Amino acid sequence: MITLTERQSLILKAIVRDYTEGGNPVGSKSLVQELPMKVSSATIRNEMARLEDLGLIVKTHLSSGRIPSIKGYRYYVDHILKPEKVDGQDLKVIQHSLGGEFHKIDEIVAQSADILSQLTSYTTFTLRPELKDSRLSGFRLVPLGNHQVMAILVTNNGDVENQTFTIPNDLTGDELEPVVRFIDDQLIGLPLQDVLRKLQKEIPLKLAKYLQDPDGFLDIFGSVLSKAASERFYVGGKLNLFNYTNQQNPKELQSLYSLLDQTDSLANVIGPPGQHIQVRIGNEITNDLLKDYSLITATYDVDRHGKGMIAILGPTAMPYSRMIGLMGAFQRELARKLLDYYRYFDE
């Protein structure tokens with residue numbers, strides 16, 4: 001395990017700060033003016049040599065200065081970093097953007113990805129709270145004409161899902177009414193996951209009493225139910241991802257962009273909700289396409305309604321102190337907004 005002296009820690013901190021803010025390699029002469037202690041340029045060069053031996057900073061080919069290595073960023077995040085207090089203007093932007101009127105949880109969570117992207121200029125992800133406690137509270141089929149119906153499903157949290165379907169020519173609205181009543185009698189009030197399990201087992205047999213061929217209805221109900229129960233990521237600032245890559249291969253760039261539309265792949269990259277703000281740097285991210293990036297994730301807690309996540313994906317040379325401070329503030333404001341929303345439906 002690496003242990004640095006106070007002076008070495010201050011030098012590494014200054015190199016990380018200067019490089020992430022300015023993008024230029026950092027030399028000993030500039031550090032003489034920045035350190036809170038009086039130290040000669042020669043002493044700083046010796047300390048920088050020690051940091052280089054430890055693998056925490058590296059020399060670039062274009063300059064005599066040094067830049068942090070992946071290992072250096074990791075040490076800085078783990079042992080030196082103190083989150084910045086969020087800027088007052090950034091906090092106002094967050095509160096104002098989340099202060100509008102929303103009709104669905106998904107609207108709040110999707111808006112959050114866009115706000116976070118605007119504040120950071122990075123690609124951002126938001127995941128709605130877990131749905132483990134969501135229960136079915138309503139289901140309706142609304143005839144639209146031309147053999148089309150809209151299936152509307154409502155949960156106890158106030159979430160509403162709807163999809164439009166074409167029904168077989170030999171299936172009428174009158175035939176579907178008893179089926180909707182069956183759903184109301186047998187399934188209302190159950191957790192969505194329990195309804196999904198029943199849909200695979202006993203429901204098809206019971207529906208056979210009402211419909212000669214229940215497959216058409218099962219497809220409709222199963223589709224809207226799966227959508228309501230699915231894990232949903234929202235992405236903000238997709239194109240920002242390309243501002244921080246050295247990749248020139250068109251196929252690799254296409255794969256990188258496609259990754260943002262793959263829910264399962266995103267879930268693997270971001271991981272499950274945890275307890276704290278987490279930082280993964282370079283190869284610590286589970287996808288090789290992201291080895292030149294850093295990922296900061298934060299879990300927000302909405303009490304009995306579960307936990308969700310927010311995340312930013314940016315360059316390894318990101319201003320970690322500011323980003324972590326911003327994520328902490330966003331985490332709190334989003335949780336507060338969602339608790340207010342859920343409280344309305346709990347009343």
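These figures come from a predicted structure and were not determined experimentally. The basis for the numbers below is simple: all heavy atoms, side chains too, and nothing from hydrogens, waters or symmetry mates. In this chain, numbering begins with 1 at the start of the sequence shown.
At distances below 3.5 Å, not a single donor-acceptor pair connects side-chain atoms of Ser265 with backbone N or O atoms of Leu259. Within the 3.5 Å criterion, the main-chain N or O of Val160 finds a donor-acceptor partner in the side chain of Lys104. When atom types are taken as modelled, the side chain of Glu21 and the backbone of Asp18 share no donor-acceptor pair closer than 3.5 angstrom. Distance alone, capped at 3.5 Å, places no donor-acceptor pair between the Ser30 side chain and the Val26 backbone. With Arg332 contributing its side chain and Gly328 its backbone, the two residues share a donor-acceptor pair below 3.5 Å. For Ser258 (side chain) and Gln254 (main-chain N/O), a donor-acceptor pair under 3.5 Å exists by modelled atom type.
Identified under the salt bridge (charged side-chain N to carboxylate O under 4.0 Å, His left out) test for residues 67-81, with sequence neighbours left out: Arg74-Asp78, Arg74-Glu284. Within the structure, every pair that satisfies the side-chain hydrogen bond (donor to acceptor under 3.5 Å, both in side chains) test and touches residues 290-301, not counting sequence neighbours, is listed here: Ser294-Tyr320.
Using a 4.5 Å heavy-atom cutoff, the side chains of Val86 and Arg322 are not in contact. Two residues are said to be in side-chain contact when any heavy atoms from C-beta on lie closer than 4.5 Å; Arg181 and Glu177 meet this criterion. Within the 4.5 Å cutoff, side-chain heavy atoms of Thr20 are placed close to those of Tyr73.
Note that CD1 of Ile115 and CG of Leu98 are 4.0 Å apart. Values are rounded to the nearest 0.5 Å. How far CD1 of Ile11 is from CG of Leu51: 6.5 Å, rounded to the nearest 0.5 Å. Considering CG of Asp261 and NZ of Lys238, their distance stands at 3.5 Å, rounded to 0.5 Å.
With ring centers used as reference points, Phe125 lies 6.0 Å or more from Tyr234.
Side-chain atoms of Thr43 and Glu47 form no donor-acceptor pair, as typed in the model, at a separation below 3.5 Å.
In plain terms, the two heavy atoms of Val32 and Ser40 that are nearest each other are CG2-C, 4.3 Å. Summarising the geometry of Val180 relative to Phe139, their closest heavy-atom pair is CG1-O, 3.5 Å, with the distance given to 0.1 Å. Here the closest non-hydrogen pair linking Leu256 and Leu289 is CD1-O, 3.7 Å.
By the 4.0 Å N-to-carboxylate-O rule, Arg66 lies close enough to Glu52 to be salt-bridged with it.
Every residue meeting the side chain to side chain contact (heavy atoms under 4.5 Å, CB included) condition with Ser121, not counting sequence neighbours, appears here in chain and number order: Tyr244. Remark: Glu84 engages no residue in a side-chain hydrogen bond (donor to acceptor under 3.5 Å, both in side chains) (not counting sequence neighbours). In this structure, the side-chain hydrogen bond (donor to acceptor under 3.5 Å, both in side chains) partners of Ser117, at least two apart in sequence or on a different chain, are Asn240. Partners of Arg45 according to the side chain to side chain contact (heavy atoms under 4.5 Å, CB included) rule, which considers only residues two or more places apart in sequence or in another chain, are Ser28, Ser41, Ala42.
In this structure, Tyr75 and His79 have tilted ring planes: the angle between them lies in the 30° to 60° band.
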